[in-house]
Novice: 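First the structure, which I've put down as structure tokens, then a few questions once you've had a look.
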Amino acid sequence: MTQDDVIGVERLTSEAFHDLDVRTHRPHLPAPAPRSPEKSVNWQIRVRHMLEHDAGGCFVAEDASGLIGASVSLRRELMWILATYVVKPGLQGRGVGRQLLDASLQHGRGCLRGLIAASEDPPAVRRYRMAGFTLHPAMYLMGRVPREALPVVERVRAGSASDIDLMNSVDRQTREAAHGVDHELLTSMYRLVVVDRSTGSGYAYVEPGGGPYLLAATNRRTAADLLWETLAASSPERSVVVGHVTAVNEWAVDVGMAARMDLHTAGYLAMRRMKPPMPYLPSGHFL
Ligand SMILES: CC(C)(COP(=O)(O)OP(=O)(O)OC[C@H]1O[C@@H](n2cnc3c(N)ncnc32)[C@H](O)[C@@H]1OP(=O)(O)O)[C@@H](O)C(=O)NCCC(=O)NCCS
């Protein structure tokens, strides 16, 4: 994959993930919407950054019609991460995905640990298990957060790029590999909140509409404070989501319950040679 492929791959992932959302839609939940223009721009910024730092982990598949698939993977310290994986709807289930994943896995040679935010598409899950990943079912919380549910959170302060060393240290303790260069991009894209006290450290990037994009902390109490801070950024009129919650992160389920959010299940956190990180809410792209 090269920088010239980014726009085409963005369109391909937008089409394939909308197709997946429609196929796996549960009738009691809001109807799936196509990716917004703002999210498409952010997608391109992220993947340009990944290509800059991990060109050897990013691949496209083509046939006579043009682009038909892509996989984007990263290597952070000794962890391999799959950031995007897609084959064009109508051409799935014919072995293209296997070739893409095998190529991207080569980028993780020598890394025992691996991490994937897996969809619930049966062919995807089959590929990950065949590649030796353990599938941990994931939950998400969704709902409007009433103002009166928000507690007073005292230890949290605004963060900046000067907190990157602290965040890398917290990453190493919770998920065994720092985000490194990804923090340089994320601090420019998201609001950051930080706790740095003798009683606990941690950080959260906040989604523009509230809720966490990525959260990691050295203990549950600090993680819960940070999660509340991200929920306080939501509007009481608009639904907010806390995603990729594994069973070991029950502290997040408890915050969601106290915030009167609804609990659902979706997809998996797939891991190789590591325990589910905790307290930790991964980003779907940088994990
Ligand atoms: C996941 C994805 C990239 C895999 O690409 P692909 O070209 O379909 O993959 P392959 O054909 O190489 O492998 C799919 C495997 O699932 C099997 N399969 C196909 N349809 C299936 C179904 N409905 N249920 C279960 N398994 C199925 C295939 O037989 C194959 O297994 P095998 O090689 O052991 O026979 C592609 O299906 C896709 O884009 N899915 C939607 C987006 C998505 O979920 N991406 C992953 C995000 S984490």
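Whatever order the structure lists them in is the order used to number ligands and atoms, beginning at 1. Keep in mind that this is a model prediction, so the values were computed, not measured. As a basis for the values below, the full set of heavy atoms in this structure was taken, side chains included, without hydrogen atoms, waters or symmetry mates.
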Novice: Would Asn168 and His179 count as having a side-chain donor-acceptor pair, cut-off 3.5 Å?
Specialist: no
Novice: State which residues pass salt bridge (charged side-chain N to carboxylate O under 4.0 Å, His left out) with Glu176; sequence neighbours excluded, sorted by chain then number.
Specialist: Arg113
Novice: Check this for me, if you would: do Asp54 and Arg75 make a salt bridge, where the nitrogen-to-carboxylate-oxygen distance has to be below 4.0 angstrom?
Specialist: no
Novice: Using a 4.0 Å cut-off on heavy atoms, what residues surround ligand 1? Order them by chain and number.
Specialist: Phe17, Leu20, Tyr85, Val86, Val87, Gln92, Gly93, Arg94, Gly95, Val96, Gly97, Arg98, Ala117, Ala118, Ser119, Asp121, Pro122, Pro123, Ala124, Arg126, Arg127, Tyr128
Novice: Taking the six-membered ring where the residue is Trp, are the ring centres of His264 and Tyr140 under 6.0 Å apart?
Specialist: yes
Novice: Answer with yes or no after comparing the ring centroid distance for Phe286 and His183 against a 6.0 Å cut-off, counting only values under it.
Specialist: no
Novice: Using only heavy-atom distances, determine whether the side chains of Asp225 and Thr222 contain a donor-acceptor pair under 3.5 Å.
Specialist: no
